[in-house]
Amino acid sequence: MNKVGIWGDLGNGYYRNPVLFGDYPDPDAIRVGDTYYMTSSEMNYMGMRILASKDLVNWQFVGKIYDRLPGKEYETMERYGRGSWAPSIRYHNGEFYVYFCTPEEGLFLAKAADPAGEWTLTHIKKIAGWEDPCPYWDKQGRAWLSRSELGAGAIFLHRMSDDGTELLDEGKVIFRGDGAEGSKWYDHADGGVMLLFPQGGTSMGWQMALRAPTMDGPFEAKRICKQGETWINGPHQGALLDTPDGEWWFLHFSKCGVAGRVVYLEPVTWVDGWPRIGEATDEPHCGQPVWMHKKPSLPEQPICCTPTSDDFSSDKLGLQWMWNHNPVDDRWQTGTGELRLKGNAEEVDILAVRNVLTQRLIGASGYVTVKVSAKDLELGQQAGLVAMGRDPFLYSVTKTEEGLWVTIDYKGDIALKRPACYPGIEEEWQHKLFKGPFQVEEMYLRFSIQNLVELRLAYSLDGKEFTYLRHDAFMSECPWRGARIGLLTYKGNGWAAFSDFKYIHDGPCGR
């Protein structure tokens, strides 16, 4: 597999941003020894992957933090855009710690000795309206936690028990400003402490830094990165990282429409004790994002950021696959070279369908192909590819008495006539038997993705010769993140079988 893509590692000692052209909202990362570990928000998708890298440019999945979240709303499909928000990952006393909040359920802590192994998830505090927690252990071994409030604007600081498992007070405000959120703590080179966080929102924001001699303050503030003369919006929250040789770098996300919140890598230069992110601007301590740059002085790591196929031969799903909300475990099977999903005839709205298995989009263009077996479907039942978003689009086969039909389902005309992110009137679901009937029991379906948002639809009876429909569609963003591709079945109680899945894209490591 060619690890060199249009974005990411250029293969000549340089990289081009974004290094991860995929939807990784609110990334945070740390270095432990010679390896970097990163995690990100996943909202309603289960559940928080761990990625690893040796060179900060090429990344791969190595673990996951949980399979499901507590609460009936994650069973009844009522947590779109909620779930896990802005995590922080830290390494302390030989263990990995990940803190995150969900907007309604409160503060969680996940711990593991090995990030690729089993994680234990603890619900520390049940409370609504918290977000973006980050721990810090000071030189005396005392534990602290910063966090924001829903809607952003203020950063609170709490004392914790020294093991980081219990809050000891109600917290105090240490900073208040325009959209302040996503705070991350670091040791400062002069022996003090430093807090990095974004302000101004994901579309027009900037990066700030606070520094102080101790956690008690006083805190001094500077802006350290802005959009400047670039087209890179934000640039929003992320992680400050060093190399063993003393280089400094910053990972952050930038909002990129249907593609989601993609990840950039910026060089860091220290100016008067402040970390200036990116290239210099007219503000002495403030940088702006780079488009292309020399890679970090780290060993070459030829690894791929995401697998491009899955043969479903294991009883465990590949880490690139994520369930939309908590799965119903007795309604899915793998291990035979097929993914089998059992439908429920009562689920007639795509956004209410259980066991939708998804992947994030990677890059700007590519295609997704899957073989769908309708042998065990009921009459009227559908199975196929879905583009998940605010206005999901389903491209499926429907089993009828006459044979299989190629079918499209969408929300009114929005998905077909213009991008669904364009404001429009709420429409009823539309269902069209578009091509058929075919006297077969299985078919290949294909999404051809172009220019981030456009979908061309194709089908095949043999997986070799594809016929394109004269009918294009558009993907829409999910709440707080990009569109996703997925597999589902609904409108029947039978079993759908999916195999020969392939996702080929122009993103990093995936050509």
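Minimum heavy-atom separation, L69 to S84: CD1-N, 4.3 Å. When every heavy atom of M43 is checked against every heavy atom of W85, the shortest pair comes out as CG-NE1, 4.0 Å. Taking each heavy atom of A110 and L121 in turn, the nearest pair found is CB-CD1, 4.0 Å. Closest approach of D462 and K464 over heavy atoms only: OD1-N, 2.8 Å. Nearest heavy-atom pair across D26 and P87 is O-CD, 3.7 Å. In this structure, D311 and S313 approach most closely via the heavy-atom pair OD1-OG, 2.8 Å.
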TODO: Assess whether side chain to side chain contact (heavy atoms under 4.5 Å, CB included) is satisfied between W119 and D114, documenting all intermediate values.
DONE: CA-CA 8 Å; W119 290 75; D114 177 3; over 6 Å; no
- [ ] Could you please spell out the steps behind the side chain to side chain contact (heavy atoms under 4.5 Å, CB included) verdict for I50 and M38?
- [x] CA-CA 6 Å; I50 301 293; M38 185 180 78; over 6 Å; no
- [ ] Report the C-alpha separation of M48 and V98 in whole Å, then their side-chain angles, then the decisive distance to 0.1 Å, and conclude whether the side chain to side chain contact (heavy atoms under 4.5 Å, CB included) test is met.
- [x] CA-CA 10 Å; M48 295 187 69; V98 170; 4.0 Å; yes
- [ ] Any chance you could lay out the salt bridge (charged side-chain N to carboxylate O under 4.0 Å, His left out) test for K371 and E442, step after step, and finish with the verdict?
- [x] CA-CA 7 Å; K371 182 168 72 173; E442 60 187 31; 3.8 Å; yes
TODO: Test S88 against K184 for side chain to side chain donor-acceptor pair (under 3.5 Å), laying out the working first.
DONE: CA-CA 7 Å; S88 58; K184 299 293 186 290; 5.8 Å; no
Task: Worked check of side chain to side chain contact (heavy atoms under 4.5 Å, CB included) between Y15 and L265 - done: CA-CA 9 Å; Y15 70 89; L265 179 65; 3.9 Å; yes
- [ ] Output, in order, the C-alpha distance, side-chain angles, deciding distance and verdict of salt bridge (charged side-chain N to carboxylate O under 4.0 Å, His left out) for E166 and K125.
- [x] CA-CA 8 Å; E166 182 182 358; K125 185 176 181 65; over 6 Å; no
- [ ] Kindly determine whether W321 and F501 satisfy ring-ring contact (aromatic ring centres under 6.0 Å, His included), including the steps that lead there.
- [x] CA-CA 12 Å; W321 290 107; F501 180 90; 4.7 Å; yes
TODO: Take F474 and F393 through the test ring-ring contact (aromatic ring centres under 6.0 Å, His included) and record every step on the way to the result.
DONE: CA-CA 8 Å; F474 294 91; F393 181 89; 9.8 Å; no
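A donor-acceptor pair shorter than 3.5 Å cannot be found between the side chains of W323 and N326. A donor atom on one side chain and an acceptor atom on the other are found under 3.5 Å apart for K432 and Y410. For the residue pair S476/R390, the side-chain donor-acceptor check at 3.5 Å is not satisfied. Residues S254 and N233 bring a donor and an acceptor atom of their side chains to less than 3.5 Å of each other. Side-chain atoms of E181 and S148 form no donor-acceptor pair, as typed in the model, at a separation below 3.5 Å. With hydrogens and angles left out, the side-chain atoms of T407 and D409 include no donor and acceptor closer than 3.5 Å. Using modelled atom types, one finds a donor on one side chain and an acceptor on the other under 3.5 Å when comparing N324 with Y80.
For the pair R90 and Y97, the cation does not sit on the ring face, since its NZ or CZ is not both under 6.0 Å from the ring centre and inside 45° of the axis. Relative to the six-membered ring of Y24, R360 meets both conditions, a distance below 6.0 Å and an angle of at most 45° to the axis. Remark: R49 fails to qualify as a cation-pi partner of F61 under the 6.0 Å distance and 45° angle criteria applied to the six-membered ring.
Side-chain atoms of T334 do not come within 3.5 Å of backbone N or O of F312 as any donor-acceptor pair. Looking only at distances, no side-chain donor or acceptor of T122 sits under 3.5 Å from a matching main-chain atom of I124. Checking side-chain atoms of H123 against main-chain N and O of E105 turns up a donor-acceptor pair under 3.5 Å. The backbone N or O of W405 sits nowhere less than 3.5 Å from a side-chain atom of T398 that would complete a donor-acceptor pair. With hydrogens and angles disregarded, no donor-acceptor distance shorter than 3.5 Å links the side chain of D376 to the backbone of A496. Not one N or O on the side chain of N451 forms a donor-acceptor pair closer than 3.5 Å with the backbone of E454. Using a distance-only test at 3.5 Å, with no hydrogens or angles considered, a donor-acceptor pair links the side chain of T358 to the main chain of M322. Between the side chain of Q381 and the backbone N or O of G494, at least one donor-acceptor pair lies under 3.5 Å. Side chain of S314 to backbone of G335: no donor-acceptor contact under 3.5 angstrom is found. Checking side-chain atoms of Y503 against main-chain N and O of L361 turns up no donor-acceptor pair under 3.5 Å.
A 4.5 Å side-chain heavy-atom check between I65 and E42 finds every atom pair outside the cut-off. Contact of the T202 side chain with the F253 side chain is registered, since non-hydrogen atoms from C-beta on lie closer than 4.5 Å. Within the 4.5 Å cutoff, no side-chain heavy atoms of L107 are placed close to those of R147. With contacts defined as side-chain heavy-atom distances shorter than 4.5 Å, the pair V368/L385 qualifies. L457 has its side chain out of reach of R446: every pair of non-hydrogen atoms, C-beta onward, lies at least 4.5 Å apart. The closest side-chain heavy-atom distance from L351 to P392 is below 4.5 Å. Counting only heavy atoms from C-beta outward, the side chains of K399 and L379 approach each other to under 4.5 Å. For the pair F250 and Y264, the minimum side-chain heavy-atom distance is 4.5 Å or more.
Of the residues listed (F438, Y444, F466, Y395), the one engaging Y459 in a ring-ring contact (aromatic ring centres under 6.0 Å, His included) is F438, and it is the only one. Exactly one of I350, N344, V356 qualifies for a side-chain contact (heavy atoms from CB on, under 4.5 Å) with Y490. That residue is I350.
F96 and Y37 have their aromatic ring centers within a separation under 6.0 angstrom. Separation of the H325 and Y45 ring centroids does not fall under the 6.0 Å cut-off.
A salt bridge does not link K255 to D23: none of the charged side-chain nitrogens sits closer than 4.0 Å to a carboxylate oxygen. Taking the charged nitrogens against the carboxylate oxygens, K491 and E378 have no contact shorter than 4.0 Å, which rules out a salt bridge. Electrostatic pairing of R79 and E73 counts as a salt bridge here, judged by a charged N lying under 4.0 Å from a carboxylate O. The existence of a salt bridge linking E75 and R354 is confirmed by a sub-4.0 Å separation between a basic side-chain nitrogen and an acidic carboxylate oxygen. Salt-bridge check for K342 with E347: failed, with every basic side-chain N at 4.0 Å or more from each acidic carboxylate O. Here K64 does not pair with E118 in a salt bridge; the nearest charged N to carboxylate O distance is not below 4.0 Å.
Note that OH of Y14 and NZ of K295 are 12.5 Å apart. Values are rounded to the nearest 0.5 Å. Considering CZ of R261 and OG of S41, their distance stands at 7.5 Å, rounded to 0.5 Å. If you take CH2 on W332 and CG on D330, they are separated by 11.5 Å, rounding to the nearest 0.5 Å.
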